[in-house]
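One-based numbering, in listed order, for ligands and for the atoms of each.
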Amino acid sequence: MASTNVVWQNATITREQREQRNGHRAVTLWFTGLSGSGKSTLSNAVEARLFELGCNTFVFDGDNIRHGLCKDLGFSDTDRTENIRRIGEVAKLANQSGVIALTAFISPFRADRDLVRNTMPEGDFIEVYVKCALEKCEERDVKGLYKKARAGLIPAFTGISSPYEEPTHAELTVDTGETDIHTCVEQIVNYLLAKQVISKA
Ligand SMILES: Nc1ncnc2c1ncn2[C@@H]1O[C@H](COP(=O)(O)OS(=O)(=O)O)[C@@H](OP(=O)(O)O)[C@H]1O
Ligand SMILES: Nc1ncnc2c1ncn2[C@@H]1O[C@H](COP(=O)(O)OP(=O)(O)O)[C@@H](O)[C@H]1O
């Protein structure tokens with residue numbers, strides 16, 4: 001049963017105070033894309049770059065979160081929706097603590113991503129479409145999962161037997177089939193500079 005009689009408590013130290021001390025804004029960089037498109041690689045590379053600049057950051061990665069917070073969830077449409085809802089809430093908390101959250105989840109459904117976007121203050125949710133052709137992801141097959149999915153060993157595998165809905169209004173699109181990692185990272189960092197999330201690079 002949902003909880004009742006709960007009242008929002010305001011924090012003594014505000015998000016603005018934390019951001020001021022950190023010297024950067026707290027936003028959520030929401031990486032979305034097929035398995036093997038490059039979400040983990042890029043979120044970690046961007047984090048390393050931001051960390052070097054002295055930013056407070058944290059990467060939330062699908063594979064890792066599914067070992068703990070979301071270990072009760074599978075890959076049905078409803079479980080994926082709940083997975084993304086929880087991560088959205090966690091990312092929001094991270095932002096309130098002054099941290100730049102980088103999330104690396106397939107997040108295949110547009111409505112789920114938009115729901116997260118709409119629960120955050122304007123400008124906090126930066127959707128990064130990690131674009132890569134299915135054939136290329138399958139060729140990479142970093143974890144051997146596409147081979148298994150094609151063999152019918154993994155049900156509801158994104159791109160094969162479960163849909164991926166491409167973003168229609170992503171703040172950023174990086175094409176990892178066409179662009180090297182370094183250039184993708186710089187594209188993202190330049191966006192953060194332009195939006196004054198960070199002030200130096
Ligand atoms: N059926 C199925 N479909 C897609 N992916 C699968 C599946 N089963 C396991 N995996 C592995 O789980 C990782 C995706 O988890 P996510 O939490 O990002 O998925 S989702 O956003 O809830 O759709 C995904 O990680 P990435 O390859 O990093 O995307 C896979 O390693
Ligand atoms: N421009 C690029 N950006 C990110 N990854 C790339 C790029 N070019 C090639 N790759 C390679 O593609 C693979 C992506 O795997 P991974 O980051 O685990 O994807 P995902 O987290 O989306 O499943 C890695 O082996 C990475 O080295």
Side-chain angles (χ1 to χ4, degrees), residues 28-50 58-92 94 101-117 119 125 127-167 170 172-191:
T28 294
L29 280 170
W30 190 278
F31 295 81
T32 172
L34 293 169
S35 175
S37 59
K39 303 180 297 297
S40 298
T41 304
L42 283 181
S43 54
N44 280 286
V46 171
E47 176 175 52
R49 183 84 158 74
L50 295 176
F58 194 75
V59 173
F60 298 91
D61 193 291
D63 278 315
N64 301 351
I65 296 288
R66 280 177 173 278
H67 279 97
L69 179 65
C70 296
K71 68 196 278 191
D72 56 322
L73 301 176
F75 290 93
S76 65
D77 290 4
T78 52
D79 278 8
R80 288 180 200 253
T81 294
E82 174 59 10
N83 187 36
I84 297 314
R85 187 194 69 79
R86 287 185 201 174
I87 302 316
E89 291 298 326
V90 173
K92 205 159 58 176
L102 303 97
T103 66
F105 295 80
I106 296 177
S107 40
F109 302 121
R110 210 171 284 136
D112 296 347
R113 297 190 301 264
D114 284 346
L115 201 77
V116 176
R117 175 190 289 277
T119 63
F125 184 86
E127 190 172 14
V128 183
Y129 176 27
V130 185
K131 188 174 176 175
C132 188
L134 176 66
E135 299 70 42
K136 185 84 188 174
C137 295
E138 208 167 343
E139 190 185 299
R140 288 178 182 162
D141 209 2
V142 185
K143 302 169 191 154
L145 297 180
Y146 281 102
K147 196 161 176 238
K148 280 192 186 166
R150 288 286 184 199
L153 299 173
I154 308 178
F157 194 79
T158 306
I160 308 287
S161 45
S162 184
Y164 178 79
E165 297 173 359
E166 288 195 349
L172 279 164
T173 298
V174 289
D175 190 335
T176 69
E178 304 289 331
T179 318
D180 65 62
I181 298 172
H182 176 74
T183 307
C184 292
V185 171
E186 288 315 301
Q187 194 182 330
I188 296 166
V189 169
N190 285 336
Y191 179 88

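Residue contacts with ligand 1, taken as heavy atom pairs separated by less than 4.0 Å, involve Phe75 solely via side-chain atoms from C-beta onward. By the criterion of a heavy-atom distance under 4.0 Å, the side chain of Asn83, and not its backbone, is placed next to ligand 1. Counting heavy atoms closer than 4.0 Å to ligand 1, residue Val142 contributes nothing at all. Looking at Ile65 against ligand 1, nothing comes within 4.0 Å, counting heavy atoms. When heavy-atom distances to ligand 1 are checked against a 4.0 Å cut-off, Ile84 comes that close only through its side chain, counted from C-beta outward. Proximity of Ala156 to ligand 1, defined as any heavy-atom pair under 4.0 Å, is confined to the backbone N, CA, C and O atoms.
Between Ile106 and ligand 1, a contact under 3.5 Å exists for at least one N or O pair.
Nearest protein heavy-atom neighbour of atom 21 (O) of ligand 1: Ser107 N, 2.8 Å. For atom 27 (O) of ligand 1, the closest non-hydrogen atom of the protein is Ser35 OG, 2.5 Å. Counting only heavy atoms of the protein, atom 3 (N) of ligand 1 lies nearest to Arg80 NH2, 3.2 Å. At the shortest separation from atom 13 (C) of ligand 1 among protein heavy atoms lies Asp63 OD1, 3.6 Å.
Between Phe60 and Phe105, the ring center distance fails the sub-6.0 Å criterion.
Every atom of ligand 1 with a heavy atom of Thr158 under 4.0 Å away is listed here by number and element: 3 (N), 4 (C). For ligand 1, the atoms closer than 4.0 angstrom to any heavy atom of Pro155 are 1 (N). Shown in contact with Ile154 at under 4.0 Å from a heavy atom are these atoms of ligand 1, numbered in order with element: 1 (N). Annotation for ligand 1: atoms under 4.0 Å from non-hydrogen atoms of Pro108 are 21 (O), 23 (O).
Remark: among candidates Arg140, Lys39, Glu82, Lys143, the nearest residue to atom 28 (O) of ligand 1 is Lys143, based on non-hydrogen atoms.
Annotation: cation-pi pair Arg113/Phe125 absent, no NZ/CZ under 6.0 Å from the ring centroid and within 45° of its normal.
At a 4.0 Å cut-off, not a single heavy atom of Ser162 sits close enough to ligand 1 to count as contact.
For Arg86 and Glu89, the salt-bridge test fails: no basic side-chain N is under 4.0 Å from an acidic carboxylate O.
Contact residues for ligand 2 (protein heavy atom closer than 4.0 angstrom to any ligand atom): Leu34, Ser35, Gly36, Ser37, Gly38, Lys39, Ser40, Thr41, Leu42, Arg140, Val142, Thr176, Thr179, Asp180, Ile181, Cys184.
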